[in-house]
Amino acid sequence: MDEMLHALAVAGLAPGTRRQYLQMLRAFHGFVAERYGAQVRAVFGMAVGDGGLDRFNRVRHAGDDAVVGPPPSRERLQAFFSFIRSQVAVASDYRAVARDYALLRTPYHSAVRVSELVRLDQADVHPQLGPSGKLHVRFGKAANASGPRPRWSPILEGLDRILAWYLADVRPLFPASAPLFCDDDGQALKVGTVRDRLARLLDTEGVSGMRGPLRMRCAGRVRRTSTSEAWT
């Protein structure tokens, strides 16, 4: 079992794929132990045992220890996005909050994963395709270790206007580089950074809700241009 898991890891299989292998083996082992455990003991004089499927040989899922609840409602998400819009208007770091607003609206209105979102380039936005545009997801989630699978994801529910505003007014405030959503150095954001930004905004929203509107210091804020009305 140790050698098999090591070989799968060396081969580059994703943790989720390795976890599926283990689940199949655990299911088979449980079947043998329950159906044929008595026969194994009678023939070999020993119990089936754990077969190497102990707590050390386990690939945990990110949600194994998480409290799973219902997904947020549409009303809850609309309230959250409204809060971020209010912060765009008063933020001391306008470009970062404006980027975060477009960043978080994109997966909600296009159904791209966060791992796919951070690998989008500016050239992957195609507003001319379809009724309101499409995103070219060049690094889509792999299936059965087959490698990235490109696909087209439709832009829905006004995201085309948000991305047009972002590309015209906000993205030029960052260094000139290929990534659609980048950091201060022009490098593509990391998945962990996206989650950290989301967590920070949720914390800020909670403080704002308890203590009244949160007003960030406006000194040094970059002012929006005339086309920035699209983000509303």
Please enumerate all residues that pass salt bridge (charged side-chain N to carboxylate O under 4.0 Å, His left out) together with Arg35, with sequence neighbours excluded.
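Arg35 satisfies salt bridge (charged side-chain N to carboxylate O under 4.0 Å, His left out) with no other residue.
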
Check Val118 against Ser115 and note the closest heavy-atom contact, atom names and distance.
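Reported closest heavy-atom pair: CG2-O, 3.5 Å.
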
For [X], what residues pass the ring-ring contact (aromatic ring centres under 6.0 Å, His included) criterion, not counting sequence neighbours?
| X | result |
| --- | --- |
| Tyr21 | none |
| Phe44 | none |
| Phe81 | Tyr108 |

In the hydrophobic clustering that connects Ile, Leu, Val, Met, Phe, Trp and Tyr at side-chain heavy-atom distances below 4.5 Å, which members other than Leu129 occupy its cluster, ordered by chain and number?
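Cluster partners of Leu129: Trp152.
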
Does the Ser132 side chain pair with the main chain of Ile155, one donor and one acceptor, at a distance under 3.5 Å?
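Judged by distance alone, yes, a pair lies under 3.5 Å.
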
Within the distance-only criterion (no hydrogens, no angle test), does the side chain of Gln39 pair as donor or acceptor with the backbone N or O of Tyr36 below 3.5 angstrom?
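Side chain of Gln39 to backbone of Tyr36: no pair is present.
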
Min side-chain heavy-atom separation [X]-[Y] under 4.5 Å:
| X | Y | result |
| --- | --- | --- |
| Val194 | Val191 | no |
| Leu202 | Phe80 | yes |
| Asp93 | Arg99 | no |
| Asp196 | Lys190 | no |

State yes or no: do [X] and [Y] share one hydrophobic cluster built from I, L, V, M, F, W and Y residues joined by side-chain heavy-atom distances below 4.5 Å, directly or via other members?
| X | Y | answer |
| --- | --- | --- |
| Leu25 | Leu8 | yes |
| Val10 | Met4 | no |
| Leu189 | Leu167 | yes |

Before accepting this row, confirm whether a basic side-chain N of the pair Asp124/Arg119 lies closer than 4.0 Å to the acidic partner's carboxylate O.
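Not counted as a salt bridge, because no side-chain N and carboxylate O are separated by less than 4.0 Å.
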
Would Arg95 and Asp184 pass as an ion pair if we require N to O under 4.0 Å?
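Judged by the 4.0 Å cut-off on N to carboxylate O distance, Arg95 and Asp184 do form a salt bridge.
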
Got more than 12 heavy atoms from elsewhere within 6.0 Å of CE, Met46?
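No, the 6.0 Å shell around CE holds no more than 12 heavy atoms from other groups.
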
[atom1] of [X] to [atom2] of [Y]: how many Å apart, nearest 0.5 Å?
| X | Y | atom1 | atom2 | value |
| --- | --- | --- | --- | --- |
| Thr106 | Glu116 | OG1 | CD | 12.5 Å |
| Arg105 | Leu77 | CZ | CG | 9.5 Å |
| Asp121 | His136 | CG | NE2 | 11.0 Å |
| Arg138 | Arg151 | CZ | CZ | 13.0 Å |
| Ser110 | Lys134 | OG | NZ | 13.0 Å |
| Arg197 | Leu201 | CZ | CG | 6.5 Å |

Evaluation steps, side chain to side chain contact (heavy atoms under 4.5 Å, CB included), between Leu163 and Leu135:
CA-CA 11 Å; Leu163 289 178; Leu135 296 174; 4.2 Å; yes

Side-chain donor-acceptor contacts of residues 172-183 below 3.5 Å, not counting sequence neighbours, with atom names and distances?
residue	atom	partner	partner atom	Å
Ser177	OG	Arg171	NH2	2.8
Ser177	OG	Gly186	O	2.7
Asp183	OD1	Asp185	N	2.9
Asp183	OD1	Gly186	N	3.1
Asp183	OD1	Gln187	N	2.8

